[in-house]
Structures are given as C-alpha cells and as structure tokens.
There are 2 protein chains.
Amino acid sequence: MNHLPPTRRGEARERLLELAEEAVLAKGFAATSIDELVAAAGITKSGFFYHFRDKNTLAKAMLLRYLERDKALLDDLFSRADELNEDPLHGFLVGLKMFAELLADLPDNYPGCLAASFCYQDQLFDAEIRALNAEGMLDWRRRFRSRFEAIATRYPPWEPVDLDALADMATALVEGGLILGRALNDSRILPGQVLLYRDFVRLLFQTV
Amino acid sequence: MNHLPPTRRGEARERLLELAEEAVLAKGFAATSIDELVAAAGITKSGFFYHFRDKNTLAKAMLLRYLERDKALLDDLFSRADELNEDPLHGFLVGLKMFAELLADLPDNYPGCLAASFCYQDQLFDAEIRALNAEGMLDWRRRFRSRFEAIATRYPPWEPVDLDALADMATALVEGGLILGRALNDSRILPGQVLLYRDFVRLLFQTV
DNA sequence: GCCGTACTGTACCGCAAGTATAGTTAATTC
DNA sequence: GAATTAACTATACTTGCGGTACAGTACGGC
C-alpha cells in the first residue's frame, strides 16, 4: 500500500527541519513530537529515523542549518553595504539601516532565534550542540569587533569603550528585541532596537 | 505508612515553585516532569495536584512569583538610587550602576529570565499566561519611560529619540545579555551590557 | 538487471502527564 | 475534647511519546 510521494524524493529531510524549526520556536524542543513532524511532512516515523538517528541528531541538524542561514544572510547584507561605502563607519551604519529595514519587512509570522530557544533548554542537548551555539555567538562578536577596530582607528570614540561588549550588544539587542517583539506581538520593536543601536554607534564614534 | 514530613507543613508549594523555576530555566517547561519535581520536593504526585490543578496552573503560579520578585527587586534598587540623588538623570545612572554591580555579584549558577523562557514556548500556555508575560514587559516600558520623560525635560537629548524604544532597550539588553551569558558561560557579559546602556543614556542626555 | 537511497509497515517497550478516588495526619476552632 | 480543615499519602488507571527492531518496497542511476 505505497502511495505516490507528495513531492519528489529526498526532500523530506529538509521539510522535517523546516517544520521542526517552526514548532520548536513555538513550543520548545521537548514539546515538539516526532509523530507531529512526520505527519506534517507526509512521511512515517520510520522515515524520520532514517534521516536522524534520534531527536538529538535532529536538534544538531536544526541548529547547523539555522546558523548557516543566518550567517549567509548577514554576510550578504553587510558586504552589500560595504560596497556602497568605503568608510568603515558609514558602511557599518548603512548596513545596520539595511538590517533594520529587512527586519521591518519580515512577514508577520513571529520570528525567533533558534539559538536563544536552545539556550533556554540547554540541558536537553549534549555538549557538542552547546558548543556550536556558543561558537555561533562568538562568531558574531569577532565579525562586529573587527569592524569596530577599523572604525575606532579612523574615528576615536568619545570615551574608552570595550569593543567586545559593543559587538555583543548587537547580538544582545537582536535577541532581546525578538523576545520583546514576540511577547508584545509587535513587529516594530526589533527594527527599532537595531536603529537605536545604530544611533549609539554613531554617537560614540561621530566627529564633533 | 506515613513518615514525618521533612520540613514543616505548608511550604511544599513554595519548594515546588522554586524547583520548577530552576528546572524550567535549564530544560524548558515541557521537559520538566511533575515526578521529578515531587521527588525533589519530598512529596508525592498527589501532593502536587493538591496545590496545582494541572501543569498549566503551575506555570501561571511560577510566572506570577517570578514577575513579583523581579519587580520588588528593581523597585527597591531604583528607589534607593533615587534617594541618593535628586537629579533624575544622575539618579537613573546611579541606579544602572547599582544594577550592574548586583548582576556582577550574582552567584555562578547561571541566571535566566522565566519570561524569556516562556516566550519561546508560548504555545504551551493559555492566553492568560501570555497576557501576564506581555503585561510584565509593558510594565518595565512604562517605568523606564516615565524616568526618561523627567530626564528629557531637564536634559534635552542630542537628537530626537523614541522614549518607548529607549525604555524597551533596557529590557532587550537584559534579555539578550542573559542569553549571551548563558550561551558563552560568561557572567561578565550581562553587567557589561547594562553598563554600555548606561553609557548610551549618558551620551544621549549629557550636556556638552 | 542490480544496487543504493529513501523510504513504508508493523509491532513493541518504558516512561511521563494527567485523572480519579479513598484514606491519613496534625493543627485550629469552637 | 470533638469537629473541622489543610495538607497531604496511596493506589490504580489511561493516553501519548520517544525510541527500537526489523522486514519489506519503489525508484533512479549505473
């Protein structure tokens, strides 16, 4: 009794990951059942265990996919901003503006960060997944920090500032803005926080 | 076969709430089992259902307890800061400094925000709990906003700023700082972000 | 025509959430 | 000092999920 597959073969794994991400951001990892995922993906439980050894393997694949997508999206955005402007400060400010616009134009299904979700459920996962998550955050710190180093040599800040903390502030504001946006059901909060961060960077480094 | 209660009667409910908060911040709500809580609290499953009609009722009690504690803690801190200083800007800056010091002195068991945790699992809860969570966030916005209104009348900001967004920024940075601190296992991140926020507020409103 | 990929089908185990209901103990109230 | 009430215990059950095991099958590429 084998019916025709609803879509071409081999894409069930990707469908599972997409469905899992949505469900985990809405309910958390433990509350997301394998049965629910396979039903929505149109496959059977055996199909799930063909692609993923267990639920932990699914979690790792979800996180890797999320981190890669995120990195690609923002790399693309900031490299486009750099092309528009040679000055490191103005290029970064343009990038932040573009980022805020991108966030403001997101569809209304409430966005969330899988890394944040995992971090509030980290005892469910093994050390490898926690390390991947930490590495993702450190990656953002390094990327932003190297920009600030270039900016600070040309525009000395008004007052001494910890460039690591300033880089972390971007990540923190995005994570916090997502939480506020979800809790208050207001999609304007996240882009607003990014623009405030932009104001802070401008104030810190701007020449008088 | 009724043994002596390990502690005096009536405090099992409080023990359950404390244990539940710790477990939920580490594993999420769905992964926190009733059996595990009652075993740690030294009571039976029936005892749990005497205090809470079901798991959702536990969630509501946890959130109410968390929001009340948080509010009391910060109200106390900022009112002490106000007593030390009549000027609204300087009083607020002192309060932020004290807040950062309080966060830096927290014991090393990693802190988290129950509201943030709930917000990434909100489909597990009913509308009442989601509304409580949103109201908690709005409350912080109103509290900080009224301070900024007082500050802005005496110290006009360098550039026009959305006071709601500036108030939300405090909440966002705390939530984001908690996430970064947990993910990177670094307790210095959160107080550092609070001090950066303080720098931003000072830069925005300071007279030249 | 064969092999590997991507599955299906069936059957099962153990654990946890949650329900139901009757019974017990200790302090409080009258 | 008897009755009441708060704060539980004890036992038994249903449902659903994670995970295991394993045999079978449809299809595309070589």
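When reading the values below, keep in mind they use all heavy atoms of this one structure, side chains included, and skip hydrogens, waters and symmetry mates. Here is how names work: the chains are called A, B, and so on, in the same order as the sequence lines, proteins then strands, and each is numbered from 1.
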| nucleotides 17-22 of chain D: protein proximity per nucleotide (B base, S sugar-phosphate only, - neither; heavy atom, under 4.0 Å) | SBBB--

| task | Could you check how far CD of A/Glu14 sits from C1' of C/dC7, rounded to whole Å? | result | 17 Å

| message | Under a plain distance cut-off of 3.5 Å, with no hydrogens placed, do B/Ser79 and B/Glu83 share a side-chain donor-acceptor pair? | response | no

| field | Worked check of salt bridge (charged side-chain N to carboxylate O under 4.0 Å, His left out) between A/Asp76 and A/Arg80 | value | CA-CA 6 Å; A/Asp76 179 56; A/Arg80 271 190 289 129; 3.6 Å; yes

| task | Can you tell me the distance, in whole Å, between the OH atom of B/Tyr50 and the C1' atom of C/dA20? | result | 17 Å

| said: Could you tell me how far apart B/Glu11 (CD) and C/dA27 (P) are, to the nearest whole angstrom? | reply: 14 Å

| Length of the line joining B/His51:NE2 and D/dC8:C1', which is rounded to integer Å | 7 Å

| query | Knowing that exactly one of A/Glu22, A/Glu36, A/Glu21 qualifies, which makes a salt bridge (charged side-chain N to carboxylate O under 4.0 Å, His left out) with A/Lys27? | reply | A/Glu36

| Gap between atoms CD1 and C1', on A/Ile43 and C/dC7 respectively (whole Å) | 8 Å

| With A/Asp54, which residues qualify under side chain to side chain contact (heavy atoms under 4.5 Å, CB included), at least two apart? | A/Asn56, A/Thr57

| request: Would you check if the side chain of B/Tyr120 reaches a backbone N or O of A/Cys113 as a donor-acceptor pair within less than 3.5 Å? | output: yes

| request: I would like to know whether B/Phe92 and B/Phe148 meet ring pair (Phe, Tyr, Trp, His ring centres under 6.0 Å); could you show each step before the answer? | output: CA-CA 9 Å; B/Phe92 188 57; B/Phe148 287 129; 5.1 Å; yes

